[in-house]
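What follows is a short report on a single structure.
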Amino acid sequence: MAADSIDFNGQVAVVTGAGGGLGQGYALELARRGARVVVNDLGTGADGAGLADQTVAQIVGLGGEAMVSRDSVSTPEGGSAIIDAAVDAFGRVDVVINNAGILRNGYFDELEQHDIDAVLDVHLNAAFHVTRPAWSLMKAQGFGRVVLTASASGAFGLVGQANYGAAKGGLMGLGRVLALEGYEHGINVNCILPMAATTIADNSPIPDFWHHAARWLPDGPPTGLAARRERELVAALVVFLCSRECDLTGEAYSVCGGRYARVFTGVADGWLAPDGPASVEDVVEHLPAIRDLSHYTVPRALHEEIAGVADQARRLAQGVAG
Ligand code: NAI
């Protein structure tokens with residue numbers, strides 16, 4: 001592929017939490033490729049300067065076009081203000097990257113209610129607050145690209161992150177539904193499960209991380225990952241997902257230690273109970289088949305799961321093996 005063949009000329013991108021970390025990387029790369037970028041972040045640096053201002057200064061310094069938004073993604077008013085600012089300044093919204101984030105880690109029974117609410121608000125609820133006002137614009141123009149930031153914590157689990165894992169898992173469900181609703185309107189929605197060296201975890205460590213990790217990593221920490229945590233690795237995929245060229249939707253991708261891979265929810269062929277009720281003992285007897293992952297499908301919508309079961313039942317009735 002020719003260098004820089006993907007561009008965002010004429011397009012407007014909103015990146016939340018873009019004052020540093022991954023979001024800043026996305027904003028810089030989008031701007032470098034011609035997008036006008038709304039850099040949203042409510043944070044301030046040690047010198048009191050707005051984090052979003054610093055990103056915008058970098059973009060402008062490189063010859064790009066960007067504006068600052070300091071509203072919080074955590075409220076409906078904040079989300080609307082971010083999208084309104086984009087329209088006021090640039091006249092349209094083509095891309096929304098829901099990226100802003102915080103951590104409030106702790107064991108499930110020790111989390112304070114405000115730790116739960118804050119994390120659900122910044123990650124899961126924020127995706128509604130920011131994406132909904134943009135959605136109607138995207139529908140009207142028949143085009144949009146939305147990225148939701150999920151996490152391996154939500155997909156696979158991590159001790160000490162009940163609030164965060166729930167929010168991130170919720171975003172994966174939201175992505176599935178929005179992809180289906182956006183289909184007829186040219187709006188593609190995908191999830192990213194990133195891993196990158198940022199400061200997000202600096203003030204909120206995982207409780208007893210290595211104690212719990214030892215269950216899965218009996219030989220100790222894996223080596224070789226540290227050098228592969230540059231945010232640019234994640235930006236390469238996210239920027240593609242935002243592009244006109246990308247026709248993927250309803251999918252999720254992990255970028256971890258330099259490995260790019262699709263993450264999916266599949267359903268095993270399982271065990272099809274004969275007509276009539278199944279007992280608890282029937283279920284226990286067939287657990288090996290119910291849990292067997294050697295044959296599975298990845299339904300693109302609820303309807304495909306139902307159709308798959310109907311197909312299995314038909315084959316069973318016809319005496320066709322499998
Ligand atoms: P970061 O801490 O460097 O950046 C997050 C930014 O969001 C900060 O600049 C912060 O000021 C901003 N922010 C926080 N609350 C906000 C609010 N209410 N409104 C607007 N902005 C707000 O973190 P990082 O690592 O770049 O994370 C970006 C996203 O990626 C987050 O959603 C995070 O959960 C996710 N993620 C990151 C991973 C990693 O390895 N760094 C792993 C998995 C997910």
Side-chain angles (χ1 to χ4, degrees), residues 14-29 38-46 48-56 58 68-83 85 96-105 115 117-130 147-158 161 163-172 174-175 191-206 209 225-226 228-235 237-238 252-259 263:
V14 173
V15 187
T16 69
L22 284 161
Q24 185 178 61
Y26 306 151
L28 288 167
E29 186 60 15
V38 176
V39 177
N40 163 261
D41 205 300
L42 52 54
T44 49
L51 297 179
D53 300 69
Q54 297 173 10
T55 303
V56 168
Q58 279 194 52
V68 171
S69 150
R70 298 187 194 88
D71 290 292
S72 173
V73 298
S74 292
T75 64
E77 297 75 27
S80 292
I82 294 166
I83 300 304
V96 171
I97 303 180
N98 291 280
N99 167 80
I102 57 168
L103 296 177
R104 297 285 185 272
N105 297 327
D115 296 324
D117 293 339
V119 167
L120 290 174
D121 283 345
V122 174
H123 295 280
L124 182 56
N125 293 332
F128 289 83
H129 302 328
V130 178
V147 171
L148 303 171
T149 306
S151 161
S153 177
F156 309 121
L158 179 60
Q161 292 200 322
N163 48 1
Y164 184 77
K168 294 304 198 183
L171 286 164
M172 293 182 73
L174 178 64
C191 284
I192 182 83
L193 288 69
M195 196 189 75
T198 70
T199 56
I200 191 168
D202 285 3
N203 299 318
S204 192
I206 300 287
F209 182 84
L225 281 183
R228 313 227 58 199
R229 299 179 69 207
E230 308 93 335
R231 66 184 183 185
E232 289 74 16
L233 288 166
V234 184
L237 178 59
V238 168
Y253 290 90
S254 160
V255 181
C256 175
R259 184 212 55 188
V263 176

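Sequence positions, counted from 1, serve as the residue numbers for this chain. First listed ligand is number 1; within each ligand, the first listed atom is number 1.
Contact annotation: for Asn99 versus ligand 1, heavy atoms closer than 4.0 Å belong to both the backbone and the side chain. Under 4.0 Å from ligand 1, the heavy atoms of Leu51 that appear belong solely to its side chain. Residue contacts with ligand 1 for Leu42 involve both N, CA, C or O and side-chain atoms from C-beta outward (heavy atoms, distance under 4.0 Å). Counting heavy atoms under 4.0 Å from ligand 1, residue Ala126 does not touch it at all. Residue Thr149 touches ligand 1 through its side chain alone, judged by heavy-atom distances below 4.0 Å. No part of Asp121 comes within 4.0 Å of ligand 1, judged by heavy-atom distances.
The shortest N or O to N or O distance between Ala196 and ligand 1 is under 3.5 Å. Looking at Gly19 next to ligand 1, no N or O pair under 3.5 Å apart turns up. Close N/O approach between Thr198 and ligand 1 is found [any backbone or side-chain N/O within under 3.5 Å]. In terms of polar-atom proximity, defined here as any N/O pair under 3.5 Å, Ser72 does make such a contact with ligand 1. Close N/O approach between Val122 and ligand 1 is not found [any backbone or side-chain N/O within under 3.5 Å]. Among the atoms of Arg229, none of the N or O lies under 3.5 angstrom from an N or O of ligand 1.
Closest approach of Ala100 and Thr16 over heavy atoms only: N-OG1, 2.9 Å.
The Gly21 neighbourhood of ligand 1 comprises atoms 3 (O), 26 (O), with distances under 4.0 Å to a heavy atom of that residue. Counting atoms of ligand 1 from 1 in the listed order, those under 4.0 Å from a heavy atom of Ala150 are 44 (C). For ligand 1, the atoms closer than 4.0 angstrom to any heavy atom of Tyr164 are 33 (C), 34 (O), 35 (C), 36 (N), 43 (C), 44 (C). The distance from ligand 1 to the heavy atoms of Ser74 drops below 4.0 Å at these ligand atoms: 18 (N). With ligand atoms numbered from 1 in the order given, ligand 1 contributes 14 (C), 15 (N) to contacts under 4.0 Å with heavy atoms of Ile102.
For the atom pair CG (Asn163) and CG (Asn105), the distance works out to 6.5 Å, reported to the nearest 0.5 Å. Taking OG1 from Thr149 and CG from Asn99, the interatomic distance works out to 4.5 Å, rounded to the nearest 0.5 Å.
The only option from Thr44, Asp41, Asp53, Asn40 that meets the side-chain hydrogen bond (donor to acceptor under 3.5 Å, both in side chains) definition with Arg70 turns out to be Asp53.
Heavy atoms of His123 approach ligand 1 to within less than 4.0 angstrom. Ala152 does not count as a contact of ligand 1, since none of its heavy atoms falls under 4.0 Å from the ligand. At least one heavy atom of Lys168 sits closer than 4.0 Å to an atom of ligand 1.
For Asp202, the CG atom counts as densely surrounded, since its 6.0 Å shell holds more than 12 non-hydrogen atoms of other residues, nucleotides or ligands.
The nearest non-hydrogen atom to atom 7 (O) of ligand 1, considering only Gly101, Ala18, Gly79, comes from Gly101.
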